[in-house]
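First the structure, in the form of structure tokens, and then the observations on it.
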Amino acid sequence: MALRLYNSFSGQKEGFKPLVDNQIGIYVCGITAYDDCHLGHARAAVVFDVIIRYLRHRGFKVTHVQNITDIDDKIINRAREKGVSCKELSEHYTGKFHRDMEALGVARPDMEPKATGHIQDIIRLIETLVSKGYAYAAEGNVFFSVEKFPGYGRLSHRSLEEMQAGARVEIDSRKRNPMDFALWKASKPGEPSWESPWGPGRPGWHIECSAMSIRYLGETFDIHGGGQDLIFPHHENEVAQSVAATGKPFVRYFVHNGFVTINGEKMSKSLGNFLTIKEILSGYHPEALRLFLLSKHYRSPLDYSEDLIREKQVSLDRIYTTLSEAMEISATSAPQPDAGISLPPEVEDAYTRIRDLKKLFYEAMDDDFNTAQAMGHVFDAVKGINTLLQISKKGPDQACRAAIGFAVSAIREVGQVLGLFSTDPKSYLEGRRAEKLSKLSLTADQIRDLIHQREEARAKKDWAVADALRKKLAGANIILKDSPQGTTWEIKE
RNA sequence: GGCGGCGUAGCCAAGUGGCCAAGGCAGCGGUCUGCAAAACCGUUAUUCACCGGUUCAAAUCCGGUCGCCGCCUCCA
């Protein structure tokens with residue numbers, strides 16, 4: 001089984017081979033800390049979280065570096081509006097970002113460098129570019145000369161001529177070519193600034209990623225990730241700066257995740273459809289959001305709607321319900337390997353789904369991290385467990401129990417890669433019930449009382465009264481489940 | 001205007017040359033149940049936007065048409 005991933009450089013899937021055996025350096029562009037994180041950030045975070053988890057699961061030693069941009073125009077403007085310092089503003093939003101990521105179950109990167117912590121690296125890199133003739137100073141600014149770099153446009157697959165034809169960049173008389181971009185920006189009075197050979201100023205946006213990735217991962221590293229919108233100009237410029245400065249290849253594989261739209265429209269503040277991570281998590285379980293984000297291939301556009309996220313929440317509930325029942329029944333028997341299990345022929349199909357889960361899951365993930373397909377296999381295994389559970393309920397069956405135990409451990413293993421099913425099923429379901437109960441007009445005690453009345457009626461075979469009570473509770477969104485062990489209840493979504 | 005992507009059942013979605021076109025949601029029929037719920041079984045695309053071409057063989061490759069979207073400016 002070989003891992004294949006889509007490389008934005010070539011525009012196709014390529015076999016993956018790290019620079020150093022079993023070691024991977026990956027740099028993912030992080031946030032600019034000036035506002036709350038939204039659904040788009042969630043997708044990028046979860047996608048790369050799963051990619052990194054999978055690479056580690058496969059045995060690679062992964063070094064994950066993710067920057068935080070804590071100085072740039074947007075931060076300066078927002079800080080001015082709010083009357084706080086840039087440092088205060090960026091620290092405030094960095095904190096919120098960390099809380100969002102934690103809620104989403106996204107693992108912290110190994111390193112999280114900040115632009116302001118690497119000013120000297122940045123200045124040195126710019127000096128190299130100037131001395132090699134790739135960059136020039138003008139009125140306290142330093143610009144990168146795109147014409148000097150022959151490979152410019154290789155990543156975004158466009159030529160300099162094409163870009164200029166449709167260019168909407170404003171004319172800047174200090175630039176030699178309109179497509180030249182700032183490595184260093186002279187600071188205006190009142191703006192944060194650092195001393196440099198070109199006077200007081202601050203770094204341009206793209207240079208920090210070159211400087212920090214080179215520092216922590218080396219001049220050439222394996223994977224660079226980010227949202228598709230970063231391909232141009234951000235990553236194109238990073239490549240130009242880095243290759244020009246080091247004379248070596250910069251990134252071997254560029255991986256870009258697709259965009260999120262909301263009800264078919266691009267998310268934007270002016271449209272009023274800007275959804276923050278916090279808002280979504282106030283209504284849905286974090287794993288439901290993860291499940292939603294992973295239900296489509298990471299490179300395709302993903303459309304968000306209430307109906308779709310609710311559907312994922314229901315799917316997640318269903319899986320946890322199955323896991324909960326499975327763990328109850330298999331609790332007495334340790335998970336057995338598949339050898340020696342002999343099952344009735346009618347459940348062979350179910351058992352095959354369980355036995356093949358891991359293999360199929362890895363195959364799907366190996367094919368450019370196809371989480372949508374991988375989830376299909378998980379659902380197959382869930383169905384397999386449910387089939388075996390039915391047999392088990394009819395009478396104790398050691399082989400079934402062993403197979404169920406095996407299936408639960410397999411689902412939990414692949415769940416670790418996806419960041420799903422990490423909660424104890426019992427506590428998950430209790431949590432969900434408490435959540436739904438809080439939105440109900442009835443209390444748990446009232447419900448129990450009504451169920452008790454119905455039990456009495458049923459004992460007398462007074463079906464009319466029993467059905468009336470069922471109906472009454474159904475009206476309040478309570479579904480009753482009768483079983484030989486008694487009546488349990490659930491709340492309809 | 002330039003570049004790129006997408007169009008698969010009521011909805012979401014995988015599949016990019018060849019076994020009956022995964023999986024989820026919703027629907028319908030059945031098993032179970034006093035009735036239900038859950039679960040399971042069966043069923044729901046002779047067809048992959050449309051037209052033409054290549055091939056023994058195409059949802060999958062090529063050309064064209066229509067529709068939707070993204071990027072080219074800060075953006076995950």
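Just so it is clear: chains get the letters A, B, ... in the order the sequence lines come, proteins before strands, and each one is counted from 1. This is a predicted model, so every value here is computed, not measured. Atom set for the values below is all heavy atoms of this structure, side chains included, hydrogens, waters and symmetry mates excluded.
Residue contacts shown for A/F259 include a base, since a base heavy atom lies under 4.0 Å away. At a threshold of 4.0 angstrom between heavy atoms, the contacts of A/K74 are confined to the sugar-phosphate backbone, with no base atom among them. Backbone-only contact: A/K383 has heavy atoms under 4.0 Å from sugar-phosphate atoms and none from a base. No engagement by A/V378 is indicated, since no non-hydrogen atom pair under 4.0 Å with the nucleic acid exists. When heavy atoms are screened at a 4.0 angstrom cut-off, A/G11 is found touching no nucleic acid atom at all. A/G227 comes within 4.0 angstrom of the backbone, heavy atoms only, and of no base.
Figure legend. B/rU46 is base-paired to no nucleotide; pairs are counted as Watson-Crick or G-U wobble with both atom distances under 3.5 Å. The partner of B/rG18 is B/rC56, by the rule that a Watson-Crick or G-U pair needs both atom distances under 3.5 Å. When both pairing distances are held under 3.5 Å, B/rG1 makes a Watson-Crick or G-U pair with B/rC72. Both distances falling under 3.5 Å, in either a Watson-Crick or a G-U wobble arrangement, place B/rC66 opposite B/rG7. Across all strands shown, B/rG34 remains unpaired; no Watson-Crick or G-U wobble contact has both distances below 3.5 Å.
With B/rA39, B/rC74, B/rA76 as the candidates, the nucleotide lying closest to the side chain of A/T32 is B/rA76. When distances are taken from the side chain of A/H38 to each of B/rA37, B/rC72, B/rA76, the shortest belongs to B/rA76. Comparing B/rA76, B/rC41, B/rC25 by their closest approach to the side chain of A/A44 singles out B/rA76. Listed candidates were B/rA37, B/rC25, B/rG15. Nearest to the side chain of A/S315 is B/rC25. Nearest to the side-chain atoms of A/W205 among the listed nucleotides B/rG24, B/rA22, B/rC75 stands B/rC75. Taking only side-chain atoms of A/R353, from C-beta outward, the nucleotide of B/rC72, B/rG24, B/rC41 with the closest atom is B/rC41.
For the residue pair A/Y34/A/D72, the side-chain donor-acceptor check at 3.5 Å is not satisfied.
Toward the 5′ end of RNA chain B lies the nearest nucleotide of A/H157, the other residue of the pair A/H157 and A/G376 mapping further downstream.
The pair A/E490-A/K481 meets the salt-bridge criterion, since a charged nitrogen lies less than 4.0 angstrom from a carboxylate oxygen. The pair A/E81-A/R78 meets the salt-bridge criterion, with a side-chain N (NZ, NE, NH1 or NH2) lying under 4.0 Å from an Asp/Glu carboxylate O.
For A/D73 and B/rC74, the CG to C1' distance is 9 Å, given to the nearest whole Å. Remark: P of B/rC72 and CG of A/N237 are 12 Å apart, rounded to the nearest angstrom. If you measure from atom CG of A/L480 to atom C1' of B/rA36, you get 9 Å, rounded to the nearest angstrom. Look at NZ on A/K312: it is 14 Å from P on B/rG23, rounded to the nearest Å.
You'll find the side chain of A/N386 reaches within 4.5 Å of the side chain of A/L389, heavy atoms only.
The cationic group of A/R154 lies under 6.0 Å from the six-membered ring centre of A/F9 and within 45° of the ring axis, placing it in a cation-pi geometry. Stacking of A/R433 on the aromatic ring of A/W489 is recorded, both the 6.0 Å distance cut-off and the 45° axial limit being met.
Between A/H256 and A/H235, a ring centre-to-centre spacing shorter than 6.0 Å is recorded. Two rings, from A/H224 and A/Y253, have their centers 6.0 Å or more apart.
Non-hydrogen atoms lying under 4.0 Å from RNA chain B are contributed by A/K296, A/H297, all within residues 296-304 of chain A.
At least one side-chain nitrogen or oxygen of A/R318 sits closer than 4.0 Å to the OP1 or OP2 atom of B/rC25. For B/rA38, neither phosphate oxygen OP1 nor OP2 lies less than 4.0 angstrom from any side-chain nitrogen or oxygen of A/N386.
Under the 3.5 Å distance criterion, the side-chain polar atoms of A/R290 are left unmatched by any main-chain donor or acceptor of A/L420. A donor-acceptor contact shorter than 3.5 Å links the side chain of A/T276 to the backbone of A/E279.
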Is there any protein nitrogen or oxygen under 3.5 Å from a nitrogen or oxygen in nucleotides 31-34 of chain B, and what are the pairs?
| from | atom 1 | to | atom 2 | distance (Å) |
| --- | --- | --- | --- | --- |
| B/rG34 | O6 | A/R454 | NH2 | 3.0 |
| B/rG34 | O6 | A/R458 | NE | 3.2 |
| B/rG34 | N1 | A/D467 | OD1 | 2.9 |
| B/rG34 | N2 | A/D467 | OD1 | 2.7 |
| B/rG34 | N2 | A/D467 | OD2 | 2.5 |

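For A/K472, the NZ atom is loosely surrounded, since the number of other residues' heavy atoms within 6.0 Å does not exceed 12.
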